[in-house]
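Protein chains get the first letters and strands the later ones, always in sequence-line order, with residue 1 at the start of each. Since the model is a prediction, treat every value here as computed from it, not as a measurement.
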Amino acid sequence: MPYINVNNDLPGIRGLMAFSPETAAPMGDLANALLKDTEGLSPAERELIATHVSYLNDCFYCHHSHGEIACIYLDGNRDLVDQVRHDYQHAPITEKLKSLLRIAGKVQQGGKKVTTEDVENARTNGATDKEIHDTVLIAAAFCMFNRYVDGLGATTPTDLSTYPPRAKQVAENGYGRHIFSQHQPL
Amino acid sequence: MPHIQVPEGVPGIRSLVMFRPETGQYLYELAQVLLRGESPLSEAERELIAAYVSSRNNCMFCMSSHAAAARCLYGDQKNIVDEVLADMQRSSVTEKMKSLLHIAGKVQILGKEVTEEDVAAAREQGASEREIHDTVLIAATFSMFNRYVDGLASWTPTDPAAYEEMGVRMSTKGYALPTKI
């Protein structure tokens, strides 16, 4: 049960967005612009960054939701998603993505934690300005989404089998109003 | 020096959204609806929450600009802003506002830090569901803005006059995506 009466029984951020559709609109648009973009970072890499940051913020709903979306983009490779959550250094991913995940982890702690060396390192591994920008903003945005969800005690399903249908809905149709205004996928 | 090549001479988040307006437009829309849209909290109170969270995140650009906007909006009572930034619990804001700022401070640390007791205490002081929601979302949103601004090391002016000017603009014109320097 959320801390406030949201007048619905939707899970996670969906219940909060249905309570406040005016603020949900730009949040959904932001999520689409940041996570569905195919230029530079791939949608899979973007969702992995979101999953890693949400895991660091201990936000169960977000790291499982975005982990499942990443999993769809990675052809069901759940082991890889899980490794990126807590041990990306040893995961079979590119050095570029590792250096970007390092920056994302710094952003999670605080913006000032990101150093010139962190950025230089990412650039040496082939990261562009746009990729560095998007990494920082994805990490920062999940510091918002995670706090919104947990700060209001949003309903968090503990049955992990309920996450893949919602992930499939987002992978196919993106973020936006439909995730809280339409019938929930089962 | 910013970590990426943003327009020169443009301060803070403005330089970042000019670099990437595709995401910037929604960041500004969110700020506008959250800080200027319909809410039982006044615009001054919402800017105060934004400044308080930015101060706790040690984000000089966001703290200085939103504190300046809050001072403009509080008018005769502008001292409230500096009192809250110096020592929230001893400030002269209402007990309801203190309980909401307390929640915002918890959100700044981490979402999970907020307890049912914190929310119950705010409700006892008369806070509505909407006020609690808006407080948490403002605090969460500034936990994003602050990280965005400092995580890319955007330019932070040091001249207080620059922020006074920003505060006037923000309090009278709100948030519109900057398109030119």
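Atom CE of B/M60 is surrounded by 12 or fewer heavy atoms from other residues, nucleotides or ligands within 6.0 Å. More than 12 heavy atoms of other residues, nucleotides or ligands sit less than 6.0 Å from atom CD of A/E172. Surrounding CG of A/D9 are at most 12 heavy atoms belonging to other residues, nucleotides or ligands under 6.0 Å away. For NE2 of A/H86, the number of neighbouring non-hydrogen atoms (other residues, nucleotides, ligands) closer than 6.0 Å is greater than 12. Taking a 6.0 Å sphere around NZ of A/K168, one finds it holds 12 or fewer heavy atoms contributed by other residues, nucleotides or ligands.
Looking at A/D37, the atoms closer than 4.5 Å to chain B (heavy atoms on both sides) all sit in the side chain, from C-beta outward. Interface remark: A/D134 contributes side-chain atoms only to the contact with chain B (heavy atom separation under 4.5 Å). For chain A, the nearby part of B/I109 is the backbone; its heavy atoms alone come within less than 4.5 Å. With a 4.5 Å cut-off on non-hydrogen atoms, B/V119 touches chain A through its side chain but not through its backbone. The contact between B/E129 and chain A is made by backbone and side chain atoms together, counting heavy-atom distances below 4.5 Å. For A/Q109, the part lying near chain B is the backbone, with the side chain staying farther off; criterion is any non-hydrogen pair under 4.5 Å. For chain A, no part of B/S128 is nearby; none of its heavy atoms comes within less than 4.5 Å. Using a 4.5 Å cut-off between heavy atoms, B/E38 makes no contact with chain A at all. The contact between A/V119 and chain B is made entirely by side chain atoms (from C-beta outward), counting heavy-atom distances below 4.5 Å. Looking at A/F145, neither its backbone nor its side chain comes within 4.5 Å of chain B, counting heavy atoms on both sides. Contact annotation for A/K113: neither backbone nor side-chain heavy atoms come within less than 4.5 Å of a heavy atom of chain B.
Atom-to-atom distance recorded for A/F19:CZ and B/R130:CZ is 5.0 Å, nearest 0.5 angstrom. To the nearest 0.5 Å, atom CG of residue A/L30 and atom CD of residue B/Q25 are 10.0 Å apart. Atom CD of A/E22 sits about 13.5 Å away from atom CD of B/E29, to the nearest 0.5 Å. To the nearest 0.5 Å, atom OG1 of residue A/T128 and atom CD of residue B/Q5 are 12.0 Å apart. We find the OG1-CG distance between B/T23 and A/D29 to be 12.0 Å, quoted to the nearest 0.5 Å. Rounding to the nearest 0.5 Å places CG of A/L137 at 5.5 Å from CG of B/L27.
Counting only heavy atoms from C-beta outward, the side chains of B/L30 and A/M144 approach each other to under 4.5 Å. Taking the side chain as every heavy atom from C-beta outward, B/I132 and A/Y3 never approach each other to under 4.5 Å.
For the side-chain contact (heavy atoms from CB on, under 4.5 Å) with A/R147, the lone residue among B/T141, B/L110, B/V136 that qualifies is B/L110.
Put simply, the side chain of B/K112 gets close to the backbone of A/D58: a donor and an acceptor are under 3.5 Å apart.
Counting heavy-atom pairs under 4.5 Å between each of A/D118, A/N57, A/I132, A/V6 and chain B puts A/N57 at the top. Options A/G28, A/G110, A/P2, A/S20 differ in how many heavy-atom pairs under 4.5 Å they form with chain B, and the most are formed by A/S20.
Using a 30° and 60° split on the angle between ring planes, B/F19 and A/H133 fall in the tilted class, from 30° to 60°.
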With ring-ring contact (aromatic ring centres under 6.0 Å, His included) as the test, would you mind laying out the steps for B/H133 and A/Y148 before giving the verdict? CA-CA 9 Å; B/H133 170 276; A/Y148 188 35; 5.4 Å; yes

